[in-house]
Amino acid sequence: MDYIKLARDNEDLCIEMRRELHKIPELELELPKTVAYVKSKLDDFGLSYKEYVNGNGLSVLIEGSEPGKCLAIRADMDALPVAEETGLEFASTHPGKMHACGHDSHTAIALTAAKILNENKDKLKGSVKFIFQPGEEIPGGAKPMIEEGVLENPKVDFIIGMHGGHLAEIPRGSIAFKDNEMMAAMDKFTIEVNGKGGHGASPHLAIDPIVISGEILLGLQKIISREIAPVDSALVSVCKINGGFTQNIIPDKVEMMGTARSLSEDVRDIVEKRVIEISEGIAKTYGGSADVNYERFYPVLNNDPEFTGQIRNIVSEILPEDVFELRKPVMGGEDMAFYQKEVPGCFMFLSNLTEHSDGVCYPNHNSKFNLDESLFYKGVAAFISSAFEILK
């Protein structure tokens with residue numbers, strides 16, 4: 001089969017679907033318009049589906065001509081709380097919401113692959129299960145999909161997925177692979193620093209939570225520089241500090257919020273323990289207190305080396321100039337990791353940013369982020385070739 005030709009023949013449809021999805025971005029686990037659109041296209045393709053997460057997630061099963069193993073192909077459908085500034089003709093019609101991370105393209109590419117596989121299922125051995133999930137961004141949709149049985153009936157034997165945009169230094173148009181750790185565990189922490197408010201001219205009569213927060217901020221950085229082995233990767237970033245009212249009032253409390261990333265569960269345990277201990281300890285030292293809420297969201301995304309090697313070889317056959325080997329993991333998080341804790345998986349990066357009208361390529365999560373639609377066919381070709389070849 002000519003997988004590139006099949007993908008190219010459906011290229012216009014893929015782009016059209018991406019644009020329609022781009023107009024209707026929705027957030028987290030509530031995607032009524034998005035799901036309605038995906039269902040309408042599945043109906044057009046003659047495909048039935050099951051619903052999950054209160055109707056906000058879907059699975060589609062395509063069974064081949066012979067029994068065999070089951071490959072899952074995952075796509076995420078949610079957007080971000082970003083006000084779009086691309087100036088595109090098909091820009092978001094939902095104020096304050098935007099597909100600024102490429103999930104619209106992930107869904108369109110998977111829909112296109114499902115159409116092609118369904119039209120050629122007489123040549124398919126085994127089965128392919130497409131998973132369209134909500135909430136890749138926090139709070140995460142993969143875990144509830146798994147809990148509701150998306151990997152069962154039939155049982156999924158392995159899974160693939162793809163992320164577009166620019167998540168690492170990858171040549172434009174390339175598809176990147178990496179064995180083992182590819183993306184980091186993602187955690188969130190909130191620290192409420194409690195002191196005693198007072199007049200800015202009489203700091204000795206107050207317990208200043210702003211000063212305490214400054215000490216905590218510096219202390220947290222030493223977790224990485226002095227408590228994690230230099231050969232291990234982790235980070236702690238405080239990304240929000242909120243406290244105070246005006247120039248001469250010491251407030252009662254300050255809220256800090258941040259993220260922690262790591263590439264192993266052992267390091268993750270150390271980071272969580274020390275974020276709590278350092279925050280509470282420093283606050284107590286200065287007469288205040290700290291309430292720490294540390295939440296673990298996504299685990300490390302691990303690509304199974306044997307299965308990833310098979311997918312890499314398959315994609316190399318059809319796109320020999322476009323396969324790129326990622327040498328180091330990235331510290332972004334992905335809830336695809338939950339699926340890959342259950343079954344062997346391979347996650348890929350498609351490098352497909354395009355320039356804004358000002359000549360700048362803006363990265364994922366930016367209000368001017370945009371994708372090169374002429375490269376979508378590579379994602380489609382990678383999915384359908386993997387399905388046909390891995391199930392032989």
Spacing of [atom1] belonging to [X] relative to [atom2] belonging to [Y], to within rounding of 0.5 Å:
X: Asn56; Y: Phe132; atom1: CG; atom2: CZ; result: 14.5 Å
X: Leu117; Y: Ser127; atom1: CG; atom2: OG; result: 11.0 Å
X: Glu11; Y: Thr112; atom1: CD; atom2: OG1; result: 10.0 Å
X: Tyr298; Y: Asp187; atom1: OH; atom2: CG; result: 11.5 Å
X: His163; Y: Glu334; atom1: NE2; atom2: CD; result: 5.0 Å
X: Thr86; Y: Leu371; atom1: OG1; atom2: CG; result: 11.0 Å

State whether the number of non-hydrogen atoms from other residues, nucleotides or ligands found under 6.0 Å of [X] atom [atom1] is greater than 12.
X: Lys125; atom1: NZ; value: no
X: Lys123; atom1: NZ; value: yes
X: Glu325; atom1: CD; value: yes
X: Phe297; atom1: CZ; value: yes
X: Lys41; atom1: NZ; value: yes
X: Glu295; atom1: CD; value: yes

- Query: Considering residues at least two apart in sequence or located in another chain, which fulfil the ring pair (Phe, Tyr, Trp, His ring centres under 6.0 Å) criterion with Tyr52?
  - Reply: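 Tyr52 satisfies ring pair (Phe, Tyr, Trp, His ring centres under 6.0 Å) with no other residue.
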- side-chain contact (heavy atoms from CB on, under 4.5 Å) partners of Ile170, counting only residues at least two apart: Ala168, Ser174, Ala176, Phe324, Leu326, Phe349, Ser351
- Item | Test side-chain contact (heavy atoms from CB on, under 4.5 Å) applied to Asp291 - qualifying residues, sequence neighbours left out |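 For Asp291 the side-chain contact (heavy atoms from CB on, under 4.5 Å) partners, ignoring immediate neighbours, are Glu192, Asn194.
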- Any idea how Tyr3 and Phe388 line up, ring-wise: parallel (<30°), tilted (30 to 60°), or perpendicular (>60°)? parallel
- Message: Once you measure the plane-to-plane angle for Phe189 and Tyr294, does it fall in the parallel (<30°), tilted (30-60°) or perpendicular (>60°) bin?
- Response: parallel
- Task: Carefully, step by step, assess Asp157 and Lys129 under the rule salt bridge (charged side-chain N to carboxylate O under 4.0 Å, His left out).
- Result: CA-CA 10 Å; Asp157 294 290; Lys129 183 182 289 188; over 6 Å; no
Under 3.5 Å: donor-acceptor pair, side chain of [X], backbone of [Y]:
X: Asp304; Y: Cys346; value: no
X: Glu148; Y: Val53; value: yes
X: Thr259; Y: Val236; value: no
X: Ser202; Y: His199; value: no
X: Glu26; Y: Thr34; value: yes

- Ile212 and side chain to side chain contact (heavy atoms under 4.5 Å, CB included): which partner among Val254, Thr285, Ile207?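 With Ile212 as partner, side chain to side chain contact (heavy atoms under 4.5 Å, CB included) holds for just one option, Ile207.
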- Matching residue for Asn303 among Arg312, Met348, Gln340 - test: side chain to side chain contact (heavy atoms under 4.5 Å, CB included):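 Going through Arg312, Met348, Gln340 one by one, the side chain to side chain contact (heavy atoms under 4.5 Å, CB included) with Asn303 is satisfied by Gln340 alone.
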- Query: For residues Tyr339 and Gln133, is any side-chain donor paired with an opposing acceptor at under 3.5 Å?
  - Reply: yes
- Message: Lys115 and side chain to side chain donor-acceptor pair (under 3.5 Å): which single residue from Asn120, Asp44, Asn10 fits?
- Response: Asn10
- Could you point out which residue of Glu373, His99, His106 forms a side chain to side chain donor-acceptor pair (under 3.5 Å) with Arg18? Glu373
- Where do Ile191 and Leu220 land on the side chain to side chain contact (heavy atoms under 4.5 Å, CB included) test, with the steps shown first? CA-CA 12 Å; Ile191 305 167; Leu220 294 180; 4.0 Å; yes
- Task: Under the side chain to side chain contact (heavy atoms under 4.5 Å, CB included) rule, what do Lys328 and Glu169 come out as? Steps first, then yes or no, please.
- Result: CA-CA 10 Å; Lys328 297 178 180 179; Glu169 292 303 317; over 6 Å; no
- Query: Does a side-chain heavy-atom distance below 4.5 Å link Lys368 with Glu85?
  - Reply: yes
